[in-house]
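Worksheet: the structure to be examined is printed underneath.
Chain identifiers are assigned alphabetically (A, B, ...) following the order of the sequence lines, protein sequences preceding nucleic acid strands; residue numbering begins at 1 within each chain.
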Amino acid sequence: MENTTTTISSDFIRTIISEDAKSNKNNGKVATRFPPEPNGFLHIGHAKSICLNFGIAKEFGGTCNLRFDDTNPSKENVEYVESIKKDVKWLGFDWEDRMFYASDYFERIYQYAVELIKRGKAYVCDLTQEQIREYRGTLTEPGKDSPYRNRTIQENIDLFERMKKGEFPDGSHVLRAKIDMASPNLVMRDPVIYRIKHEYHHRTKNEWSIYPMYDFAHCLSDSIEGITHSICTLEFEINRPLYDWTLDTLEVKCHPKQIEFARLNLSYTVLSKRKLIELVDANHVKGWDDPRMPTIAGLRRRGFTPESIRNFCQRIGVAKRDSLVDLQLLEYCIREDLNRIAKRVMAVIKPVRVVIVDYPENQVEDMEAINNPEDPSMGTRKVPFSKILYLEKDDFQENPPKKWFRLAPNQEVRLRYAYYITCREVIKDEETGEIIELRCTHDPETRGGGSKDGRKVKGTLHWVSAQHALKSEVRLYENLFLKSESNELDNDLNPKSIEIIKDCYVEQSLANSKIGDLYQFERQGYFCVDHDSKEDNLVFNRTVTLKDTWAKIEKSQK
RNA sequence: UGGGGCGUCGUCAAGCGGUAAGACACAGGAUUUUGGUUCCUGCAUUCGGAGGUUCGAAUCCUCCCGCCCCAGCCA
């Protein structure tokens, strides 16, 4: 995997790990894991975790496992497993032969539960869900012991075995760790570690009627895999005592160190799985890979590169304080990458017909255009020029404001790689007053876009030749949400998050573009070919606009 | 009101007792056949607040204030 940024990032997690490595803890080995639950698509927040876990493993010469935390069959399925694998790979990371599932360990985890019972540290409880809640107490009051807390070991073993055999209905019994109902940490008040679920599991099928809870399965899975550092997000900090209690009580050989960091929040979007699922289910977006989604699949379809996302993850850093990262940083990262690699091309999104009145009727000239000024090795291409063109409607104003460099009556501008032209006449629809055609003259001495007399032309406009251009569809995206934070699906969705424009014209050379190809439409932004694109109807997604200094000037003039 | 965590520029984020890195954003200016890119310049006398220790504190101590997480048989 290439990485052009060589900055050595040092965050508190890397500091801890490097100290452990130096003191030869775990024999100097470093083993991490990325443990998604396959109940949704990965998003940019997961990318932060992926970059962290795989990144650390690589930096310390260790390993990072991919492990599906599939302990709840009611929420998980294979579609999500496949999407997660695809996304991690696409981001540029490799778990080699280390792809695991918590469900791989169900038998061992079960045996650990039996062991816990034998050590007098777990019991089968018959309280209902509501009763368990009541017995748990509150934040300020201690809980009270379950009447089933002191069953004999034999009784517990028998009951737990019958739970496993499927003799009891869902919800009738649970296995609980016997810890301390008065603990100020609610997680430690005899947490449920196994529940009955007569449910089909996407991997173990109908083999199990009981499934371990996260707190029990996760630490043991880590331990089984020989993980040295178990990195998770802040909300699990409160679960750490239970993580440690379980491994200590069972006296396992491998006891990983859990370290928590702050999850990513990004402005103008949502990153909670609940809200993301809701967006998809309520059809606010067209699926998990809708280009407006902050999912890896959405970003990929939008035109983001893995490199730009990795770079973003490096720039945001890792710490323990809650934060809200500015979406503009993500945009900066993708512009930075695309500026380097995207082929320049001309496309007119909102066209106005322009006739060069003094240009020969049937003449066509091939103008030479540079493919990428940042990378001369990308070469040049020919762009056909002729008498009738399309220009961007917004590049003309009849009564231009101050500092307007673009086309206006009697104002000369340069057509990129072509000629200087001057607008002589504005043709309007007699009824609507809408501008339907601009008539311009050109200076034949300026072929290619330069003049011998050194005369200055302030504006340079993109254009396409009407008879050569390809009619195509462009989808413009804006932020999915209106507010920088705390967005709710009911009121805060941006109604203008997508604008589909069907009558766009792109230059001829785009005819053989392929799905996923990335371009810069000069002066407008970066675009990629969507997978809805067909040979006779090209579809482009706008990844991000170019920085627009004029828009700022215009805004400040108002 | 119990417990756990966190507070350094608009947003991220270094800093770990020796006198506030960097990035994004923002504001100027230069170059430019993309009002793009690039390049300069500016942008925290101050680190949630108040005391204290010290020759010296963002860093140590005390108290206070604010924000986040926990009462799923979710993860």
Side-chain angles (χ1 to χ4, degrees), chain A residues 7 9-11 15 35-37 39 69 71-72 74-76 125 127-129 132-134 136-143 170-176 183-189 191-197 210-211 213-215 217-218 232-241 260 262 267 273-274 314-333 335-336 339-340 344 346 369-370 373-374 403-406 414-418 420 446 448-450 457-462 484 520-525 545-554:
Chain A
T7 324
S9 61
S10 173
D11 49 71
T15 303
E37 183 189 12
N39 69 340
D69 217 337
T71 56
N72 186 354
S74 18
K75 293 188 171 181
E76 299 148 5
C125 182
L127 256 24
T128 65
Q129 201 165 162
I132 286 182
R133 190 183 311 129
E134 284 159 27
R136 188 154 31 221
T138 68
L139 293 178
T140 50
E141 306 155 37
D170 287 11
S172 58
H173 303 267
V174 290
L175 184 69
R176 294 228 251 167
S183 170
N185 181 350
L186 302 249
V187 170
M188 299 297 271
R189 318 242 261 227
V192 171
I193 57 177
Y194 260 93
R195 75 292 216 184
I196 299 171
K197 265 180 190 280
I210 53 172
Y211 293 92
M213 298 285 289
Y214 165 85
D215 283 304
H218 197 88
C232 62
T233 44
L234 241 35
E235 67 270 26
F236 292 102
E237 201 150 29
I238 195 165
N239 299 59
R240 194 171 69 224
E260 311 86 10
S267 61
K273 220 166 219 180
R274 194 209 95 218
Q314 202 212 71
R315 283 169 190 271
I316 57 177
V318 181
K320 291 196 75 161
R321 67 183 84 106
D322 293 319
S323 61
L324 179 68
V325 174
D326 196 334
L327 185 64
Q328 286 183 105
L329 181 60
L330 218 210
E331 294 185 343
Y332 172 85
C333 290
R335 286 192 187 109
E336 177 188 49
N339 177 52
R340 260 178 35 223
R344 270 59 168 175
M346 291 196 284
I370 294 165
E374 306 296 318
K403 293 186 186 168
W404 178 260
F405 297 168
R406 281 109 102 144
R414 171 168 38 236
L415 294 184
R416 178 140 236 228
Y417 303 126
Y420 291 3
T446 58
V457 170
K458 285 176 289 185
T460 300
L461 309 184
H462 61 277
S484 65
Q520 183 194 103
F521 287 2
E522 290 216 32
R523 304 206 308 129
Q524 311 205 79
T545 61
L546 250 31
K547 265 176 66 182
D548 191 348
T549 306
W550 168 247
K552 275 183 197 167
I553 296 170
E554 211 177 17

Discussion item. Only pairs with both distances under 3.5 Å count, Watson-Crick or wobble alike; so what is the partner of B:G42 in this structure?
Written reply: B:C26

Discussion item. Please report the distance, rounded to the nearest Å, between CG in A:Leu234 and C1' in B:C67.
Written reply: 12 Å

Discussion item. Apply side-chain contact (heavy atoms from CB on, under 4.5 Å) to residues A:Arg321 and A:Leu234 and explain how you reach the verdict.
Written reply: CA-CA 9 Å; A:Arg321 67 183 84 106; A:Leu234 241 35; over 6 Å; no

Item to complete: For A:Asp215 and B:A71, give me the distance from atom CG to atom P, rounded to whole Å.
Response: 11 Å

Fill in: Listed partners of A:His173 passing side-chain hydrogen bond (donor to acceptor under 3.5 Å, both in side chains), at least two apart
A:Asp126

Practice prompt. Using atom CD of A:Glu37 as one end and atom P of B:C74 as the other, report the distance to the nearest whole Å.
Written response: 10 Å

Practice prompt. Determine the interplanar angle of the A:Tyr214 and A:Phe236 rings, folded into 0 to 90°, and report it as parallel if under 30°, tilted if 30 to 60°, perpendicular if over 60°.
Written response: tilted

Discussion item. What's the gap between B:U59 and B:U41 when it is taken at their P atoms, as a whole Å value?
Written reply: 32 Å

Discussion item. Can you check the distance between B:G22 and B:C39, where both ends of the measurement are the P atom (answer in whole Å)?
Written reply: 15 Å

Response to the item:
Under a 3.5 Å limit on both distances, the Watson-Crick or wobble mate of B:U19 is none

Worksheet entry | Proximity to the side chain of A:Leu186 - top-ranked nucleotide from B:C24, B:C70, B:A75 | B:C70

Discussion item. At less than 4.0 Å, is any side-chain N or O atom of A:Arg195 found next to OP1 or OP2 of B:C74? Yes or no.
Written reply: yes

Response to the item:
The glycosidic conformation of B:G29, counting syn as within 90° of 0 and anti otherwise, is anti

Worksheet item: With rounding to whole Å, what would you report as the distance between B:A20 and B:G15 at their C1' atoms?
Response: 8 Å

Worksheet item: Of A:Asn185 and A:Tyr214, whose nearest nucleotide on RNA chain B comes first from the 5' end?
Response: A:Asn185

Worksheet item: Would you say A:Asp215's side chain and A:Pro191's backbone share a donor-acceptor pair under 3.5 angstrom?
Response: no

Worksheet item: On a whole-Å scale, what distance lies between the P atoms belonging to B:G2 and B:C61?
Response: 22 Å

Worksheet item: Excluding sequence neighbours, so at least two apart, what forms side-chain hydrogen bond (donor to acceptor under 3.5 Å, both in side chains) with A:Asn39?
Response: A:Glu37, A:Lys273

Discussion item. Could you tell me the Watson-Crick or G-U partner of B:G7, where both distances fall under 3.5 Å? Say none if there is no partner.
Written reply: B:C65

Worksheet item: For B:G72, which nucleotide is its Watson-Crick or G-U wobble mate, given both distances must be under 3.5 Å?
Response: none

Practice prompt. Without swapping roles, check the side chain of A:Arg189 against the backbone of A:Ser183 for a donor-acceptor pair under 3.5 Å.
Written response: yes

Worksheet item: Checking all strands, does A:Lys273 fall into the base, sugar-phosphate, or nothing category for heavy-atom contacts under 4.0 angstrom?
Response: nothing

Fill in: B:A25 versus B:C73 - spacing of their C1' atoms, nearest Å
47 Å

Fill in: Residues that A:Arg240 engages under side-chain hydrogen bond (donor to acceptor under 3.5 Å, both in side chains), provided they are two or more places apart
A:Glu260

Practice prompt. Using only side-chain N and O atoms of A:Arg189, determine if any of them is under 4.0 Å from OP1 or OP2 of B:C70.
Written response: no

Worksheet, complete the sentence: Rounded to whole Å, the NZ-C1' distance (A:Lys197 to B:G72) equals 10 Å

Worksheet entry | Separation between the C1' atoms of B:G66 and B:G72, rounded to whole Å | 29 Å

Fill in: Whole-Å gap separating P (B:C74) and CG (A:Asn239)
14 Å

Worksheet, complete the sentence: In B/S/- notation (B base, S sugar-phosphate only, - none; protein heavy atoms under 4.0 Å), nucleotides 34-39 of chain B written 5' to 3' is BBBS--

Worksheet, complete the sentence: Per nearest nucleotide of RNA chain B, the residue lying toward the 5' end, A:Glu237 or A:Ala418, is A:Glu237

Discussion item. Measuring only the C1' atom in each nucleotide, how far is B:C43 from B:A71? A whole number of Å is fine.
Written reply: 47 Å

Item to complete: Would you kindly give the CG-to-P distance between A:Leu330 and B:A25, to the nearest whole Å?
Response: 12 Å

Worksheet item: Between A:Glu336 (CD) and B:A25 (P), how many Å, whole number?
Response: 10 Å

Worksheet item: Looking for any heavy atom pair under 4.0 Å, which part of the strands does A:Leu127 touch: base, sugar-phosphate only, or nothing?
Response: base

Item to complete: Using atom CD1 of A:Ile132 as one end and atom P of B:C73 as the other, report the distance to the nearest whole Å.
Response: 6 Å

Item to complete: Could you give the distance separating B:G48 and B:A13 at their P atoms, to the nearest angstrom?
Response: 14 Å

Worksheet item: Going 5' to 3' along nucleotides 11-17 of chain B, which nucleotides have protein heavy atoms under 4.0 Å from the base (write B), which only from the sugar-phosphate (write S), and which from neither (write -)?
Response: SSBS---

Worksheet item: Between A:Glu336 and A:Arg315, is there a salt bridge with N-O shorter than 4.0 Å?
Response: yes

Item to complete: Identify whether any heavy atom of A:Val192 sits under 4.0 Å from a base atom; if not, whether one sits that close to sugar-phosphate; answer base, sugar-phosphate or nothing.
Response: sugar-phosphate

Practice prompt. Just call it for A:Tyr417: base, sugar-phosphate, or nothing, with non-hydrogen atoms closer than 4.0 Å on any strand.
Written response: base

Discussion item. Applying a 4.0 Å non-hydrogen cut-off, can you work out what A:Phe236 is touching in the nucleic acid: base, sugar-phosphate, or nothing?
Written reply: base

Item to complete: May I ask you to decide if A:Asn72's main-chain N or O and A:Glu76's side chain share a donor-acceptor pair within less than 3.5 Å?
Response: yes

Worksheet item: B:G3 phosphate, OP1 or OP2: any side-chain N/O from A:Ser183 under 4.0 angstrom?
Response: no

Item to complete: Begin from the C-alpha positions of A:Met213 and A:Val174 and carry the test side-chain contact (heavy atoms from CB on, under 4.5 Å) through to its verdict.
Response: CA-CA 10 Å; A:Met213 298 285 289; A:Val174 290; over 6 Å; no

Discussion item. On the nucleotide B:C70, are OP1 or OP2 found under 4.0 Å from the side-chain N or O atoms that A:Arg240 carries?
Written reply: no

Practice prompt. Give A:Thr128 one of three labels, base, sugar-phosphate or nothing, depending on what nucleic acid heavy atoms sit under 4.0 Å from its own.
Written response: base

Worksheet item: A:His462 and side chain to side chain donor-acceptor pair (under 3.5 Å): which partner among A:Arg523, A:Arg416, A:Glu522?
Response: A:Arg523

Practice prompt. Please name all residues satisfying side-chain hydrogen bond (donor to acceptor under 3.5 Å, both in side chains) with A:Glu237, sequence neighbours left out, ordered by chain then number.
Written response: A:Lys320

